[in-house]
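Here's the structure, in structure tokens; my notes come after.
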There are 2 protein chains.
Amino acid sequence: MNTLSYGLLSLLSKDSRTGYELMQHIQPFWPAKHSQIYPLLALLEQKGYVEFVHVLQSDKPDKKVYSLTEIGLKALQEWIGLPTDPPVTRDEFALKVYCIGLVNKAEAMRMLLERESYYIGKKERYMESYERVKGQSEKPLEELEIHDPMFGNYVLVRKAVLKVDADLLWCEWMKSKLK
Amino acid sequence: MNTLSYGLLSLLSKDSRTGYELMQHIQPFWPAKHSQIYPLLALLEQKGYVEFVHVLQSDKPDKKVYSLTEIGLKALQEWIGLPTDPPVTRDEFALKVYCIGLVNKAEAMRMLLERESYYIGKKERYMESYERVKGQSEKPLEELEIHDPMFGNYVLVRKAVLKVDADLLWCEWMKSKLK
DNA sequence: TACATATATGTCAATTGTGACATAACGAGG
DNA sequence: CCTCGTTATGTCACAATTGACATATATGTA
């Protein structure tokens, strides 16, 4: 069982979801395409870690709603205690920045502004997530504690916002360097 | 030609390096093992983008020092202008945090402290890089501009420090949540 | 009318990346 | 003396991931 499989179990521990929804929601922490998710879900179902019900829809295609089983929950709990791999980031832009002296200031500024607007868009989406979490929570977010069902969502949105703020801060600083 | 290949050219645009050194220096932005680097270097050499000289060493194993060729430089310059893929991060810890409510506060705190010390170690190494860059630069770092050979190193260390500071800030904030 | 996008699931070939094996010499520690 | 870590290069089987293809319906757009 690979990390992505456990990631899917992790999402399913809160809510029953379709493969399509799992694919959408796991993106910020473990980007994966549907072509990777669907075969893994079939494997997880084979092993009895998840089960699904067919849900017929008239307006949209029918779907399979997956949920975590008892033994899936046990597997998930065991995995949490196991050693955790360090995060891995692959950043093509950073590779380009290393040799940015090969282009002129104007071109470098163009690239930087493009990257900055990418981060601005990301931050906007994270802020929308934050508002969604706030709307779904019964308590004020600051009062949530570890066993509250929204705790994970809350602290992860916070993590994402802090990181994108750091990226935006660097972009701002870089702009002053390229003036 | 994949992104990692261009990353190698990018590093070689500043200094001639061995495959082993390239493997070490590309880690922060594009983690790759030597088993991936060496075959790519052979391909790049076949295409004429890089060339190497054998350097015999008595105390350590002999090595191959690679450098960028004219046509390698041209390929690198073309790549810089091309659209840049967004950064990709895979974070197993974040997947665990999503369902952290499955374990008790003490266990969650243990995991968090472990992750925090990982980030502290990373920050220390980045600060060492910063000092190394400062030592190698002729001008004060604040005065470096885009065409200075140390500019890329300087702004990337700054980027790395800002990001790890954001991670540490989140850890600090999380500790207060788990008290 | 035609085309793009979103929902929804699935397969498969090709590419990318990992972990183990192989070799070899040095220095440090038990 | 033996093992471990570092330097240094290389191969190879396997696992993880991507991108294209396939299908179907609804909705919005040119």
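Note that the coordinates shown come from a computational prediction; the quantities given were computed from them, not determined experimentally.
Between B/Lys33 and C/dG19, a side-chain N or O to OP1/OP2 separation shorter than 4.0 Å is present. A close approach under 4.0 Å does not occur between any side-chain nitrogen or oxygen of A/Tyr20 and OP1 or OP2 of C/dT9. In this model, the phosphate group of D/dA16 is not approached by any side-chain N or O of B/Arg90 to a distance below 4.0 Å at OP1 or OP2. Residue B/Lys60 has no polar side-chain atom (N or O) positioned under 4.0 Å from OP1 or OP2 of C/dA24.
In this pair, B/Tyr154 and A/Trp173 present their aromatic rings perpendicular. The plane angle is above 60°, beyond the 30 to 60° band. Ring geometry for B/Phe52 versus B/Tyr66: interplanar angle of 30 to 60°, hence tilted.
Rounded to an integer number of Å, the gap from CD of A/Gln57 to C1' of C/dA6 is 12 Å. Between B/Glu21 atom CD and D/dA8 atom P there is a gap of 6 Å when expressed in whole angstrom units.
Between A/Glu107 and A/Arg110, at least one side-chain nitrogen of the basic residue sits less than 4.0 Å from a carboxylate oxygen of the acidic one, meeting the salt-bridge criterion. Salt bridge status for B/Lys159 with A/Asp91: present, with a side-chain N to carboxylate O gap under 4.0 Å.
Among the nucleotides D/dA8, D/dA16, C/dT11, the one closest to any side-chain atom of A/Asn2 is D/dA16.
The residue A/Gln24 sits close only to the backbone: its heavy atoms come under 4.0 Å of sugar-phosphate atoms, none of a base. Looking at heavy-atom distances under 4.0 Å, B/Ser35 makes contact with a base.
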